[in-house]
Amino acid sequence: MKKNFSFHVYAGITIICWSLAFVLSRLVMREISSEALGFLRYLIASLVLLCLIPFLKLRKVESKDLVMILLTGAAGFFFYMIAFNKGVKEVNAATSSVIIATVPMITALLSRLFYKEKITVKQWFATGVSFLGVLIITILSKGFTISNGLNWLFLAAVLLAAYNLLQKKLVQKYSAIQSTMMSIFAGTIMLALFLPKTIKEVQGISFNSVILVLIMGIFSSAIAYVSWTKAFEVAENIASVSNYMYVTPLLTTVLGLVIAKEFPDVSTIVGGVIILAGLVLFNSDQLFAPKVTMRLLDKVDLETAAHVIRESFAATANDFDLTIDNCPTNGAFTQVKHLMNDLENVSQLFGVYLGKKMIGFFELVYHEDQQADLEKVSIIPSERGKNYGKLILNRAKEIAYNNQMETINIGIIKENRDLKNWYQKMGYQIVCSQNFSHLPFEVLYLRLDLKDEVTNG
């Protein structure tokens, strides 16, 4: 399956599974409590995920990360599951899904509060639009009294947003799948607090409810989270996957009609449309932005590529006093003839495109000992800070692995601490440093073990 399209399958599977959870939870909670359902759902999910461990190359968990793992487990699975179930029990599935759909917006607002991330005037306006939708759902359904169910759902949305922020810390060190699994395991252990209550309640549960709990544990929890993680891994950009969140309320409404015969009321329809309009406006820059693609370059592309490389390396050359005389091989002085020589030597040259504009470049050189060199990693200054560099490293990793390479090596200026830290954050390990007579700086070599990284991915 082509990479550009496979993420649709993974994201679609996730959204279907999550939409089912809104409907099935209400049906099951006619027989057992929200706490018992939460424990059973993630006990099953944990057992499924445990079966996957032999097929994953997981990084050893450091003791200093245990607190963060417990926090993500508490926010994203223990407290969230309790709040979500209590809310869904009292509020129809369609309304519940609309409230939970605000999580990306709440995450951005919390990022502004705690990490000082920028929010535009348009995004503040969009927040107000969505808040208006929430007020309409509240007022039209219950007058000026906010129901307990809505309170629980609002709390669940905030908890899930907090989980998203906390997960950002973990995924800097562990793979997305491993981070999610550790959080689920931690949350399940906490939910075991309700084991005695669960044992009492399941004794009278019907066979149909047992099947529904199994579906939620296996599909809406374990498979959904793994599939969602995989979708982000193979997609060209984050927005392509995140956009699927907007399908959840519609799909939940349809499933509610088909499975539970739930008809959304006027407040849900009107308020839901306004909330979703606000969410689309809030994320419009991502929704309608040109897509990032990467492709192999040919001779006709080399002039543009050389310009991109020179523009990308210019600041580094200036910072470290590099000139064409003392360091002619630096990217800041790349000419078409250099790239032509690389192309003729069977190197793979790739362009990174934003729409039709080339904004980046990278090159892979293969050796007989199953080692690849990653060279001239470039993003023009105006497009930095948008995770394009991470996309380059992920694509280079996949390409090298598919070409039977076992490691990727890269050499950088040793004194460039920011770049060194970035590569280490991306999983590269320092190998050694070396001085060369023809270079005015010491070269630091880093290496990525593809067998560990790709299996772990």
Side-chain angles (χ1 to χ4, degrees), residues 12-38 40-41 80-103 130 132-157 159-160 201 204-221 223-224 244-280:
I13 289 172
T14 302
I15 295 306
I16 292 172
C17 292
W18 281 345
S19 297
L20 272 173
F22 288 97
V23 180
L24 301 187
S25 294
R26 286 176 58 78
L27 297 177
V28 174
M29 283 188 289
R30 294 172 181 174
E31 299 185 25
I32 61 175
S33 65
S34 56
E35 295 85 359
L37 174 59
L40 288 173
R41 178 174 165 180
Y80 169 75
M81 200 71 258
I82 295 172
F84 173 84
N85 285 341
K86 285 185 175 294
V88 169
K89 187 175 183 178
E90 297 186 30
V91 178
N92 66 60
T95 303
S96 300
S97 65
V98 169
I99 300 301
I100 298 300
T102 63
V103 168
S130 290
L132 176 62
V134 171
L135 285 179
I136 288 175
I137 289 177
T138 302
I139 294 172
L140 290 185
S141 60
K142 293 288 183 180
F144 284 93
T145 302
I146 299 180
S147 70
N148 286 331
L150 288 176
N151 284 334
W152 282 114
L153 288 169
F154 291 140
L155 176 59
L159 286 167
L160 194 52
E201 294 183 7
I205 194 172
S206 66
F207 178 75
N208 286 342
S209 290
V210 171
I211 298 300
L212 297 184
V213 171
L214 287 171
I215 291 173
M216 284 189 284
I218 297 171
F219 294 97
S220 299
S221 302
I223 290 178
Y244 271 85
M245 291 293 294
Y246 300 111
V247 180
T248 306
L250 175 61
L251 185 55
T252 300
T253 300
V254 172
L255 291 173
L257 284 169
V258 173
I259 298 174
K261 309 302 180 185
E262 285 188 353
F263 293 87
D265 53 27
V266 175
S267 65
T268 297
I269 296 173
V270 176
V273 168
I274 293 175
I275 288 173
L276 292 177
L279 291 174
V280 170

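The CG atom of Leu212 sits 7.5 Å away from the OG atom of Ser206 when rounded to the nearest 0.5 Å. Note that OG of Ser209 and CG of Leu27 are 8.0 Å apart. Values are rounded to the nearest 0.5 Å. Separating the CD1 atom in Ile136 from the CD1 atom in Ile269 is a distance of 12.5 Å, to the nearest 0.5 Å. Distance check: Trp152 CH2 to Ile82 CD1 gives 7.5 Å after rounding to the nearest 0.5 Å. The OG atom of Ser96 sits 8.0 Å away from the CG atom of Leu150 when rounded to the nearest 0.5 Å. Separation of atoms CE (Met81) and CG (Leu160) is listed at 10.0 Å; rounding is to 0.5 Å.
Residue Asn85 comes nearest to Ser34 through the heavy atom pair ND2-O, 3.0 Å, listed as atom of the first residue, atom of the second, then distance. Closest of all the heavy-atom pairs between Ala260 and Val23 is CB-CG1, 4.0 Å. When every heavy atom of Ala93 is checked against every heavy atom of Arg26, the shortest pair comes out as N-CD, 3.7 Å. Closest of all the heavy-atom pairs between Ser220 and Arg41 is O-NH2, 3.4 Å. The minimum heavy-atom distance between Phe22 and Thr252, with the atom names listed, is CB-CG2, 3.6 Å. The two residues Leu159 and Ala83 come nearest to each other via the heavy atoms CD1-CB, 4.3 Å.
Checking each of Leu255, Thr253, Thr248 against Leu251 for a side-chain contact (heavy atoms from CB on, under 4.5 Å) leaves exactly one that passes, namely Leu255. Evaluated for a side-chain contact (heavy atoms from CB on, under 4.5 Å) with Met216, the options Leu20, Leu37, Leu40 yield exactly one hit, Leu37.
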Stepwise side chain to side chain contact (heavy atoms under 4.5 Å, CB included) check, Thr95 with Leu153
CA-CA 10 Å; Thr95 303; Leu153 288 169; 5.5 Å; no
Working for side chain to side chain contact (heavy atoms under 4.5 Å, CB included), residues Phe84 and Ser25:
CA-CA 9 Å; Phe84 173 84; Ser25 294; 4.0 Å; yes
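Judged as a ring-ring contact (aromatic ring centres under 6.0 Å, His included), and not counting sequence neighbours, the contacts of Trp18 are Tyr225, Trp228.
Here the side chains of Leu257 and Pro264 are in contact, with some heavy-atom distance below 4.5 Å. Between Leu250 and Leu276, every side-chain heavy-atom pair lies at or beyond the 4.5 Å cut-off.
Identified under the salt bridge (charged side-chain N to carboxylate O under 4.0 Å, His left out) test for residues 80-98, with sequence neighbours left out: Glu35-Lys86.
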